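Predicted model only: the values in this text are computed from it and were never measured.
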Amino acid sequence: MKITGTIEFPDPKSRKSAAKILQALSPDNLRSMESEIRDDKVAVRFHSEKIGSLLATVDDFLMNVKIGEGIEEAMEKEDKTRES
């Protein structure tokens with residue numbers, strides 16, 4: 001049995017941020033995942049034959065996205081501080 005799942009980033013602000021993060025993470029993509037980055041859609045598809053493997057992959061991916069968001073926020077804050 002093949003199990004699939006998709007995470008999409010629907011609103012424009014999250015799409016822009018997600019696109020940057022996905023591009024940075026793409027070298028670490030597994031064969032069981034594909035990312036799609038377009039102006040109107042940013043999505044990651046996961047597939048596996050075992051639910052545990054799928055959940056572990058999604059969990060790792062989401063942790064990396066969270067770290068990427070933190071880095072992006074810190075850089076934006078630093079830029080605003082320098083502009084002041």
Side-chain angles (χ1 to χ4, degrees):
M1 173 170 63
K2 192 169 203 171
I3 304 162
T4 62
T6 303
I7 297 174
E8 292 187 16
F9 301 86
D11 68 278
K13 185 177 179 185
S14 70
R15 256 198 321 264
K16 184 177 179 182
S17 179
K20 289 179 194 176
I21 293 168
L22 289 179
Q23 288 173 334
L25 294 175
S26 67
D28 293 328
N29 282 1
L30 302 173
R31 283 182 262 149
S32 61
M33 58 191 291
E34 300 92 32
S35 46
E36 180 178 2
I37 302 171
R38 300 190 319 226
D39 288 340
D40 63 332
K41 182 177 185 180
V42 174
V44 183
R45 279 179 288 291
F46 302 89
H47 52 87
S48 179
E49 293 186 15
K50 297 178 182 179
I51 190 71
S53 297
L54 182 75
L55 291 173
T57 301
V58 171
D59 185 55
D60 288 346
F61 171 78
L62 291 174
M63 182 56 69
N64 288 336
V65 169
K66 183 178 179 180
I67 292 167
E69 286 177 328
I71 291 169
E72 184 178 40
E73 288 172 9
M75 291 176 69
E76 287 175 1
K77 188 181 283 186
E78 185 176 316
D79 287 345
K80 288 179 182 177
T81 302
R82 287 182 184 178
E83 291 173 0
S84 300

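- Each of I67 and V58 belongs to its own hydrophobic cluster when Ile, Leu, Val, Met, Phe, Trp and Tyr are linked at side-chain heavy-atom distances under 4.5 angstrom.
- Pairing each heavy atom of M33 with each of H47, the nearest pair is N-NE2, 4.1 Å.
- To the nearest 0.5 Å, atoms CG (D59) and CG (N64) are separated by 9.5 Å.
- Across every non-hydrogen atom of R31 and E34, the tightest pair is O-OE2, 4.1 Å.
- Linking Ile, Leu, Val, Met, Phe, Trp and Tyr whenever their side-chain heavy atoms come within less than 4.5 Å leaves M63 and F46 in two separate clusters.
- For CG of D11, the number of neighbouring non-hydrogen atoms (other residues, nucleotides, ligands) closer than 6.0 Å is greater than 12.
- Both L30 and I21 belong to a single network of hydrophobic side chains, linked directly or stepwise wherever heavy atoms of I, L, V, M, F, W or Y lie under 4.5 Å apart.
- Of all heavy-atom pairs spanning A43 and L22, the tightest one is O-CD1, 4.4 Å.
- Using a 4.5 Å cut-off between side-chain heavy atoms of Ile, Leu, Val, Met, Phe, Trp and Tyr, with links allowed through other members, I51 and V44 fall into the same hydrophobic cluster.
- Between S17 and the options E69, E72, E73, a side-chain hydrogen bond (donor to acceptor under 3.5 Å, both in side chains) holds for only E72.
- With salt bridges taken as basic N to acidic carboxylate O contacts below 4.0 Å, none links E76 and K80.
- Closest non-hydrogen pair, R15 versus P10, comes out as NH1-O, 2.6 Å.
- Hydrophobic cluster membership is shared by L62 and L55, with clusters built from Ile, Leu, Val, Met, Phe, Trp and Tyr side chains linked at under 4.5 angstrom.
- Residue K50 comes nearest to I3 through the heavy atom pair C-CD1, 3.9 Å, listed as atom of the first residue, atom of the second, then distance.
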Let's go through N29 and S35 carefully: what are the C-alpha distance in whole Å and the side-chain angles of both, what is the deciding distance for side chain to side chain contact (heavy atoms under 4.5 Å, CB included) to 0.1 Å, and is it a yes or a no? CA-CA 8 Å; N29 282 1; S35 46; 3.5 Å; yes

